[in-house]
Amino acid sequence: MLRNIFLKTFYEHRRGLLWWALGLLAYAAMIIGFYPAMDQMPDINQMLEMLPKELMAAFVGGLTDMSSPVGYLNSQIFFLMGPLLLIIFAIGQGSAGLAGEEERGTLDLLLANPVSRARVVAEKLAALITMTLALAAALWAGLAIGAPLVKMEIATGRLIEATLGSALLALVFGVLALALGAATGNRSLSVGVTSALAVGAYRLNAMSAAITALEPYRILSPFHYATGADPLANGLNWVHTVVLAALVVVFAAAALFMFRRRDLAV
Amino acid sequence: MNNIIHTSQLTKSYGKARGVLALDLAVRPGEVFGYLGPNGAGKTTTIRTLLDFIRPTSGSAAVVGLDSRRDSIAIRRRAGYLPGELSLYEGLTGRDFLRYMANLRGGVAWRAVEGLAERLGASLTQPIRTLSHGNKQKLGLVQAFMHQPELLILDEPTQGLDPLVQQEFYRMIAEARAAGRTVFLSSHVLPEVEKTCDRVGIIRGGRLVAVEEVASLKAKALRRLEIRFAASVPPAAFAGLPGVRDLQVENSSLRCTVTGSLDAVIKAAAEFEVLDLTSQEPSLEEIFLAYYA
C-alpha cells in the first residue's frame with residue numbers, strides 16, 4: 001500500500017473512506033426504506049403543486065413528481081443530496097491533495113525523491129477520481145440492493161448512469177479544489193472558494209427552473225449538466241457528460257500547469 | 001576539478017527581506033562543507049533552490065554537474081536531503097514512512113534502512129505523531145542516508161538530537177566523507193561545524209560573507225572565560241597575557257575574552273585557589289561582529 005503516491009493516499013484515507021462509504025450506503029438504504037410510505041400517498045404530488053414554485057425550486061428544481069420511483073429518487077437523492085455529499089467529499093480530498101501536503105510541510109520530503117511535480121499531481125488526481133467513484137459505487141449499491149426489497153421498479157442501468165452523473169459533477173468541484181490548492185498552496189482558500197462556487201452553481205440551476213429571468217444563465221451551472229437532462233429517466237446526455245468531463249480536464253490541466261511553475265512553501 | 005555544488009550569482013528575492021543575493025558558492029567533491037549563518041540568513045532558501053523547490057530570481061545553480069532547474073529529477077536521484085523544518089506523515093509508523101520513501105526512490109536496500117535506523121535508535125513501530133522531535137529527526141536522517149547518495153544536503157541536521165545520537169551522526173558524516181561522498185550541511189551553531197566540516201561558508205543577510213578552512217577558523221577561536229577564586233586576586237597577575245582581552249578582575253572573580261589558546265590564562269590562574277571555571281563559546285553573532293562585520 002506504500003508503493004506509490006496514489007496507493008499511499010488511499011492507505012492514509014482508508015478509515016475516512018470506509019466511513020463515508022458506509023454513510024452513503026446507509027443514506028441510500030434509508031431513502032429506499034421510506035419509499036413504500038411515500039408510494040401510499042398518491043396525494044403527495046397534488047400537495048407539492050400547492051406549494052409556491054419558487055420555494056420548491058430551491059430544493060428540487062422543477063421536480064413535481066414525488067411518487068414515481070424516478071421522481072422520488074431524483075427529489076431525494078439525485079437532484080441535491082447525492083451530488084452534495086459527493087461534492088463535499090471531493091472538495092475535501094481535492095484541497096488536501098496538494099495544498100494539504102504543502103501546508104503540513106511534507107511536500108519537501110515527498111519531492112526529495114526523484115519524482116516530478118507532474119507525477120505528484122497525476123497521482124493525487126488519480127486518487128481523487130478513484131475515491132470519488134468508489135463512494136458513488138457505494139451510493140449506487142445501496143440503491144440497487146435496496147430497491148428490489150421494497151419492490152421499487154427502477155432500471156439498474158439508469159441508476160448507474162445517474163450515479164455517474166453525480167460523481168462527475170462532484171469531480172468538477174473536487175478537481176477545481178485540487179487546482180486552487182496547486183496554484184496557491186492554501187487549503188482553506190481552496191475549500192472556501194470551491195464550496196461557495198458549488199453552492200452558487202446549485203442555486204443558479206435550481207432557481208432557474210422557477211425564475212424565467214435566470215433561465216438563460218442556467219448553462220453556466222455544472223449542476224445543469226449533471227441533472228438537467230434527468231439521467232435517471234433518460235440516461236446520460238452525452239453532450240452534458242462531455243461538458244462535465246471537459247471541465248474536469250481543464251481544471252486538471254490548470255492544476256498541473258500551476259503546480260509546476262510555482263515556488264513551493266516550506 | 002568540477003564542483004559538486006556550484007552557484008553563479010544565484011539570487012532569490014522575496015519582496016524586501018529574506019532571500020539570497022548574488023551567491024557564488026562552490027562545494028568540492030568529497031568535502032564536508034558547513035553552511036553557517038544565523039536563522040533567517042538564507043540557508044534554507046539556498047538549499048531549496050538547489051533542489052528546485054523554489055526557483056532563482058536570477059543566476060543559476062549546478063548540482064552534481066547538472067542544472068538545478070532542467071535536471072532536477074536526476075539531481076534528486078543522486079542526492080539525499082534532510083529538510084530544515086521536518087514534517088513527516090503523522091499517521092504512518094516510522095517503518096511505513098521509510099518504506100514509502102524507499103519505494104518512491106527505488107533501488108534502496110531495506111537492510112540499509114534497518115541498519116541506519118538501528119544505529120540512530122529510531123523507533124519504527126510507533127505512529128509518527130507519538131514521537132518526540134528528536135525521534136522524528138532520526139527518521140529524517142535515515143531517509144536522507146538510506147540510498148548512500150553521492151551528495152548529502154542536510155538542513156540543520158542535529159536539531160533536537162540528544163548528544164549521544166549527535167555523536168553517532170558525526171560518525172556517519174565522517175564515514176560518508178571517508179567513502180568519498182560530499183556533505184553540504186547547514187547550521188547556526190559554530191562548534192558543530194568545527195567538529196564535522198572541512199570548510200565553512202558563512203552567510204549573513206543573504207550574502208556569502210566568507211568561505212574558510214575550518215582550521216583557520218579555529219585559529220580565530222574566541223572564548224569568554226570566567227574564573228572564581230577562593231580569595232581576591234591581584235589584577236596585575238593577569239594583565240598582558242597573550243590573547244587576553246576585555247580583562248575584568250573584581251575581588252575574587254575574573255572575566256575576560258581569549259583568542260586562540262587558553263594556556264597562558266590557565267597557568268596564571270593555577271597560582272591561586274580556583275573554585276570554578278566556565279568557558280563559553282561566543283555566539284555566532286559575536287563572531288560575525290568580531291571578524292566579518
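Model, not experiment: these values are computed from the prediction. Every chain is numbered from 1 and lettered A, B, ... according to where its sequence line falls, protein lines coming before strand lines.
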Engineer: Using the side chain to side chain contact (heavy atoms under 4.5 Å, CB included) rule, pick out the option among B/Leu50, B/Val27, B/Val63 that qualifies with B/Thr7.
Structural biologist: B/Leu50
Engineer: Is it the side chain or the backbone of B/Glu90 that comes within 4.5 Å of chain A heavy atoms, both, or neither?
Structural biologist: neither
Engineer: Count the heavy-atom pairs under 4.5 Å between each of A/Arg3, A/Arg117, A/Met1 and chain B, then report the option with the highest count.
Structural biologist: A/Arg117
Engineer: Any donor and acceptor pair, going by atom type alone, linking the side chain of B/Asp162 with main-chain N or O of B/Val165 inside 3.5 Å?
Structural biologist: yes
Engineer: Hey, could you give me each pair passing side chain to side chain donor-acceptor pair (under 3.5 Å) that has a residue in residues 176-187 of chain A? Not counting sequence neighbours.
Structural biologist: none
Engineer: Side-chain atoms of residues 125-137 of chain A: list all donor-acceptor pairs with protein atoms under 3.5 Å, sequence neighbours left out, distances to 0.1 Å.
Structural biologist:
{"from": "A/Thr130", "atom 1": "OG1", "to": "A/Ala126", "atom 2": "O", "distance (Å)": "2.6"}
{"from": "A/Thr132", "atom 1": "OG1", "to": "A/Leu128", "atom 2": "O", "distance (Å)": "2.7"}

Engineer: For B/His133 and B/Gln159, does a side-chain donor sit closer than 3.5 Å to a side-chain acceptor?
Structural biologist: no
Engineer: By a 4.5 Å heavy-atom criterion (distance strictly below it), what part of B/Arg48 contacts chain A: side chain, backbone, both, or neither?
Structural biologist: side chain
Engineer: Please look at B/Leu51 and chain A and tell me whether the side chain, the backbone, both or neither of the residue comes under 4.5 angstrom of a heavy atom of that chain.
Structural biologist: neither
Engineer: In terms of heavy-atom proximity below 4.5 Å to chain A, should B/Leu86 be classed as side chain, backbone, both, or neither?
Structural biologist: side chain
Engineer: Are the charged groups of B/Glu114 and B/Arg111 less than 4.0 angstrom apart, N to O?
Structural biologist: no
Engineer: If the contact rule is any heavy atom under 4.5 Å from chain B, which residues of residues 90-109 of chain A qualify, in numerical order?
Structural biologist: A/Glu101, A/Arg104, A/Gly105, A/Thr106, A/Asp108, A/Leu109
Engineer: Looking at B/Arg77 and B/Glu150, does any basic side-chain N land under 4.0 Å from a carboxylate oxygen?
Structural biologist: no
Engineer: If only side-chain N and O atoms count, and only distance matters, is there a donor-acceptor pair under 3.5 Å linking B/Ser123 with B/Asn135?
Structural biologist: no
Engineer: If contact means a heavy atom pair closer than 4.5 Å, which residues of residues 244-261 of chain A contact chain B?
Structural biologist: A/Arg260, A/Arg261
Engineer: Treating B/Asp96 as the side-chain partner and B/Leu92 as the backbone partner, does any N or O pair qualify as donor plus acceptor under 3.5 Å?
Structural biologist: no
Engineer: With a 3.5 Å cut-off and no angle check, do the side chains of A/Tyr202 and A/Ser221 form a donor-acceptor pair?
Structural biologist: no
Engineer: Check this for me, if you would: do A/Lys8 and A/Glu12 make a salt bridge, where the nitrogen-to-carboxylate-oxygen distance has to be below 4.0 angstrom?
Structural biologist: yes
Engineer: Going by atom types only, do B/Thr44 and B/Asp155 share a side-chain donor-acceptor pair under 3.5 Å?
Structural biologist: yes
